[in-house]
Visitor: 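Sharing a structure below in structure tokens format, with a few things to ask.
Naming convention: chains lettered A, B, ... in sequence-line order (proteins, then strands); numbering from 1 in each chain.
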Protein chains: 2
Amino acid sequence: MKKVNTLLDILKDRGYRLTPQRMMVLEAIEESSNHISAEEIYDRAKLKYPYLNRSTVYRTLELLKENGLVTETDLGEGRFLYHPAGKAQHHHLVCRNCTKVIDIDIDVLDKLRDDLRSGYGFEAELEHIAFFGYCRDCAEPSV
Amino acid sequence: MKKVNTLLDILKDRGYRLTPQRMMVLEAIEESSNHISAEEIYDRAKLKYPYLNRSTVYRTLELLKENGLVTETDLGEGRFLYHPAGKAQHHHLVCRNCTKVIDIDIDVLDKLRDDLRSGYGFEAELEHIAFFGYCRDCAEPSV
DNA sequence: TTTCTTGCAAAGAGTTTGCATTCCA
DNA sequence: TGGAATGCAAACTCTTTGCAAGAAA
């Protein structure tokens, strides 16, 4: 029993058909260590199941989103990234100069989360956040 | 003397030519009450100066960004929004359900900025951040 | 004049859609 | 079998780019 089955079962329970395409898309998302783009999902899934079309990937992602099985994130890359809903998260600091990516703990944003909740009644999705700026080595913004 | 002149003067001082197109784009951004998309800038500017092409708008926006005169923001709409740099800073809370945008004070992120600086030596650009989540009225993610 | 800017049109990237065909339940 | 899902191709949105023509300084 692969853990992928749980998500598939949810879909099945809700009356959706379990096609090979959907399985492959789900597996690709599950197996990705972090977030993954639609194109990457397409590439990965196609390796295992070549009879797969991009539009099917997008339609499947739409379905998974609607059912709360994957989260869609916009990190300002000009495309969306996807990951299984509920997977453990961390955040990123992206250096505008050397493009280095620093992973930071999720609890750095706890205070912020609390402030937004108490101050604005806003339940923030602080998952997969990327902050841009300049790392220690590039402290002087070289414009 | 319209206040737009100050930005124009900055461009002029830096050796850029003051074309009607650039003036109209700047005016459109200045006159917009909040954030404005490239398409809206194009529409507005074109009303006053019909000899204007989309690519000129994009090229002008690129120029203004490089010179720190406008800020580009990604509110997850699938396009960028622009507003004059230096205008009262704030951040955004974007509701995933009703798409409402709540403006929040910049000092909400002061703590975070300090933590990133002391903990990671990272100088974060917390200029125009958008956080996604669910507002008070949509607190229950309606799947 | 001379170099910067623009317009045009085409090309991109990412995503969506209409419709006929396929295939899961 | 019948309706849901897919493949295909085309369209769509937003943005970028090459190149020749135009216009600031």
Visitor: Rounding to an integer number of Å, can you tell me how far B/Leu52 CG sits from C/dT5 C1'?
Guide: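 It works out to 12 Å between those atoms.
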
Visitor: Pick the closest DNA chain D nucleotide for B/Arg59 and for B/Ala38 by heavy atoms, then say which residue is nearer the 5' end.
Guide: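 That would be B/Ala38.
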
Visitor: In whole angstroms, how far is the P atom of C/dT16 from the CD atom of A/Glu66?
Guide: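 It works out to 11 Å between those atoms.
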
Visitor: Closest-nucleotide mapping onto DNA chain D: is A/Arg54 or B/Gly78 further toward the 5' terminus? I mean the 5' end.
Guide: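 Nearer the 5' end of the strand: A/Arg54.
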
Visitor: If you check every side-chain atom of B/Thr56, which of D/dT15, C/dG7, D/dG7 has the closest atom?
Guide: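 Of the candidates, C/dG7 comes closest.
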
Visitor: In whole Å, what is the span from the CD atom of B/Glu77 to the P atom of C/dT15?
Guide: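 Between P of C/dT15 and CD of B/Glu77: 16 Å.
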
Visitor: So what does B/Arg22 hit on the nucleic acid, given a heavy-atom distance under 4.0 Å: a base, only sugar-phosphate, or nothing?
Guide: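 Counting heavy atoms under 4.0 Å across all strands, the contact made by B/Arg22 is with sugar-phosphate only.
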
Visitor: Begin with the C-alpha distance, continue with both residues' side-chain angles, and end with the deciding distance and a verdict on side-chain hydrogen bond (donor to acceptor under 3.5 Å, both in side chains) for B/His92 and B/Asp103.
Guide: CA-CA 5 Å; B/His92 306 280; B/Asp103 287 356; 3.2 Å; yes

Visitor: In whole angstrom, give the distance that lies between atom CG of B/Leu63 and atom P of D/dA24.
Guide: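 About 16 Å, once rounded to whole Å.
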
Visitor: Would a 4.5 Å heavy-atom cut-off, applied to side chains only, mark B/Lys100 and B/Val94 as touching?
Guide: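 Result no, sub-4.5 Å side-chain heavy-atom pair not found.
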
Visitor: Rounded to whole angstroms, how far apart are CD on A/Glu72 and C1' on C/dG14?
Guide: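 These atoms are roughly 12 Å apart.
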
Visitor: D/dT15 phosphate, OP1 or OP2: any side-chain N/O from B/Tyr58 under 4.0 angstrom?
Guide: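 Affirmative; the distance criterion is met.
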
Visitor: Expressed as a whole number of angstroms, how long is the span from B/Glu40:CD to D/dT13:P?
Guide: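 Nearest whole value for this atom pair: 15 Å.
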
Visitor: Should A/Leu112 and B/Tyr120 be regarded as members of a common hydrophobic cluster, given that ILVMFWY residues are connected when their side-chain heavy atoms come within less than 4.5 Å of each other, either directly or indirectly?
Guide: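 As far as the 4.5 Å side-chain criterion goes, B/Tyr120 and A/Leu112 are connected within one cluster.
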
Visitor: Between A/Phe131 and B/Phe131, what is the ring plane arrangement, given parallel below 30°, perpendicular above 60°, and tilted in between?
Guide: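 Answer is perpendicular, since the angle exceeds 60°.
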
Visitor: Between atom CG of A/Leu116 and atom CD1 of B/Ile104, what is the distance when rounded to the nearest 0.5 Å?
Guide: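 One finds 5.0 Å between CG of A/Leu116 and CD1 of B/Ile104.
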
Visitor: Please report, rounded to the nearest Å, how far the P atom of C/dT3 is from the CZ atom of B/Arg14.
Guide: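 Result: 23 Å.
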
Visitor: Roughly how many Å is it from OH in B/Tyr51 to C1' in C/dT6, rounded to a whole number?
Guide: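 The answer, rounded to whole Å, is 14 Å.
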
Visitor: Verify the contact: side-chain N or O of B/Asn53 to OP1 or OP2 of C/dC8, cut-off strictly under 4.0 Å; return yes or no.
Guide: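 Checking C/dC8 against B/Asn53, a side-chain N or O does come within under 4.0 Å of OP1 or OP2.
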
Visitor: Identify whether any heavy atom of A/Ser55 sits under 4.0 Å from a base atom; if not, whether one sits that close to sugar-phosphate; answer base, sugar-phosphate or nothing.
Guide: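 Answer is base: heavy atoms of A/Ser55 come under 4.0 Å of a base.
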
Visitor: Nearest 0.5 Å please: distance from the SG atom of B/Cys95 over to the CD atom of A/Glu123.
Guide: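 One gets 11.0 Å once the value is rounded to the nearest 0.5 Å.
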
Visitor: Using a 4.0 Å heavy-atom cut-off, write out nucleotides 20-25 of chain C from 5' to 3' as B (base contacted by protein), S (sugar-phosphate only) or - (no contact).
Guide: ---BBS

Visitor: Per the salt bridge (Lys or Arg N to Asp or Glu O under 4.0 Å) rule, which among B/Arg54, B/Arg44, B/Arg79 passes with B/Glu39?
Guide: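 Running salt bridge (Lys or Arg N to Asp or Glu O under 4.0 Å) over B/Arg54, B/Arg44, B/Arg79 with B/Glu39 returns exactly one hit, B/Arg54.
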
